[in-house]
Amino acid sequence: MLEVHSIVKRFGGITVLNELSLSLQAGSVNCIIGPNGCGKTTLFNVLTGRLRPEGGRVLLEGRDITGLPAWRIAQLGMTRKFQIPGVYPELTVAENLIVPLAASNRRAGMLATLFAKSEDRLHALLDLCGLEGKAEYKVAALAHGEKQWLEIAMLLAVDADLILLDEPTAGMSVPETQKTAELVKRLRTEFGKTVLVIEHDMSFVRALDCHLIVMLRGQVVREGRLEDIQTDPEVIAAYLGGAVHAESE
Ligand SMILES: Nc1ncnc2c1ncn2[C@@H]1O[C@H](COP(=O)(O)OP(=O)(O)OP(=O)(O)O)[C@@H](O)[C@H]1O
């Protein structure tokens, strides 16, 4: 699905991404972990076209997308959630989903059947984000966690193949965090999506039970399952020690 080759990104004299490489299998869930400032969000900005790298290449399903504008990369099938919910607070839950549904149907040239087809998809999306009973609520009235789930469903509505989530559980309670992990897993199991998540919350990482990518100083230093990498001395020193400690507090 995604191949990243030797990406370099500098800000002034500081190299934030230092020949970073990684690849994602289609239909997999992956989680990037790493200490503050190691370049996780910068990587997302490069992948999605918000930042142009000084070196390296990004291939999406074999196609070179390096340096393309963000709107074009979104059109080609990569979509992204920021930390803060990107929802329309003055619209209802259903309306928030209809906007991206309409956009994706129009792209697919299905304007004539837009409403008939969207009805089924709308219900599937409401079910995914657990908001079927609140379809007519104004989004401004939702809890923080509900807004985050709604936005994940909005990403699914545009039908991109690769979904990037930047700290989707930030500001969530423990039950909300667990529910988010279940939702993210469903993106793969029910919808066949490839998912790349940045996350600090180790209870979420455990619940997600997925392929982990450990970043340190702008590079990928380890990959694997949590049980394999959590015993790695470099990972413990760099990140997991502090995170596991934070979880137990
Ligand atoms: N636009 C920018 N201009 C200058 N420096 C930047 C810019 N964006 C990020 N940086 C710097 O690059 C480094 C990596 O930042 P980045 O946000 O990618 O890290 P991160 O791993 O996502 O951190 P966190 O876990 O705290 O979100 C930091 O030192 C940050 O200050």
Side-chain angles (χ1 to χ4, degrees), residues 1-11 15-32 34 38-82 86 99-111 114 117 121 125 151-168 184-199 208 210-215 218-221 223-224:
M1 175 58 61
L2 185 77
E3 287 175 59
V4 178
H5 296 290
S6 301
I7 286 289
V8 175
K9 181 66 207 168
R10 298 190 192 94
F11 295 114
T15 301
V16 172
L17 298 180
N18 187 8
E19 307 232 341
L20 181 145
S21 299
L22 64 85
S23 62
L24 304 182
Q25 296 295 319
S28 63
V29 175
N30 310 269
C31 185
I32 299 182
C38 72
K40 302 180 295 294
T41 299
T42 302
L43 174 63
F44 269 24
N45 286 336
V46 167
L47 297 180
T48 54
R50 282 172 71 90
L51 289 175
R52 186 182 278 265
E54 275 77 45
R57 293 197 309 152
V58 181
L59 306 182
L60 180 64
E61 293 183 286
R63 178 178 188 148
D64 193 339
I65 59 165
T66 323
L68 291 182
W71 61 266
R72 182 65 184 135
I73 292 175
Q75 263 187 351
L76 290 171
M78 190 192 305
T79 185
R80 171 196 191 165
K81 175 171 173 13
F82 292 86
V99 172
L101 274 177
S104 77
N105 281 350
R106 213 166 71 154
R107 264 212 319 277
M110 298 191 294
L111 255 187
L114 185 150
K117 285 196 183 282
R121 292 188 64 201
L125 294 168
E151 194 188 2
I152 294 173
M154 290 167 71
L155 296 186
L156 196 59
V158 297
D159 214 15
D161 292 325
L162 174 58
I163 296 177
L164 308 188
L165 305 172
D166 194 346
E167 293 193 47
V184 172
K185 285 191 208 177
R186 288 176 67 191
L187 295 176
R188 181 184 78 80
T189 54
E190 289 179 29
F191 299 92
K193 301 299 178 187
T194 308
V195 185
L196 181 60
V197 193
I198 293 173
E199 191 51 70
L208 205 53
C210 71
H211 182 75
L212 294 186
I213 299 166
V214 184
M215 269 184 75
Q219 292 184 326
V220 172
V221 293
E223 291 193 56

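For clarity, every value in this text was computed on a predicted model and none was experimentally measured. Hydrogens, waters and symmetry mates play no part in the numbers below; they use all other heavy atoms, side chains included.
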* With sequence neighbours excluded, residues passing side-chain hydrogen bond (donor to acceptor under 3.5 Å, both in side chains) with Glu3 -> His5
Say you draw a straight line from [atom1] of [X] to [atom2] of [Y]; how long is it, rounded to the nearest 0.5 Å?
X: Cys210; Y: Asn30; atom1: SG; atom2: CG; value: 6.5 Å
X: Arg63; Y: Leu76; atom1: CZ; atom2: CG; value: 4.5 Å
X: Thr194; Y: Leu2; atom1: OG1; atom2: CG; value: 9.0 Å

Does the side chain of [X] pick up a donor-acceptor pair with the side chain of [Y] at under 3.5 Å?
X: Arg57; Y: Thr66; answer: no
X: Thr41; Y: Asp166; answer: yes
X: Asn45; Y: Arg52; answer: no

* Within-4.5 Å side-chain heavy-atom neighbours: Leu165 and Val184 -> yes
* Asked: Do the non-hydrogen side-chain atoms of His211 and Val29 ever get within less than 4.5 Å of each other?
  -> no
For [X], enumerate each residue passing the side chain to side chain contact (heavy atoms under 4.5 Å, CB included) test, keeping only those at least two apart in sequence or located in another chain.
X: Ser21; answer: Ser6
X: Val220; answer: Leu20, Leu22, Ile213, Met215, Glu223
X: Ala70; answer: none
X: Gln25; answer: Ser28

Could you check whether any side-chain N or O of [X] sits under 3.5 Å from a backbone N or O of [Y], counting only pairs where one atom can act as donor and the other as acceptor?
X: Thr79; Y: Ala160; result: no
X: Gln219; Y: Asn18; result: yes
X: Glu54; Y: Arg10; result: yes
X: Arg121; Y: Ala157; result: yes

* Test the Arg188-Phe191 pair against the cation-pi criterion, namely NZ or CZ under 6.0 angstrom from the six-membered ring centroid and within 45° of the ring axis. => no
* In chain order, what residues pass the salt bridge (charged side-chain N to carboxylate O under 4.0 Å, His left out) check against Arg186, with sequence neighbours excluded? -> Asp127, Glu190
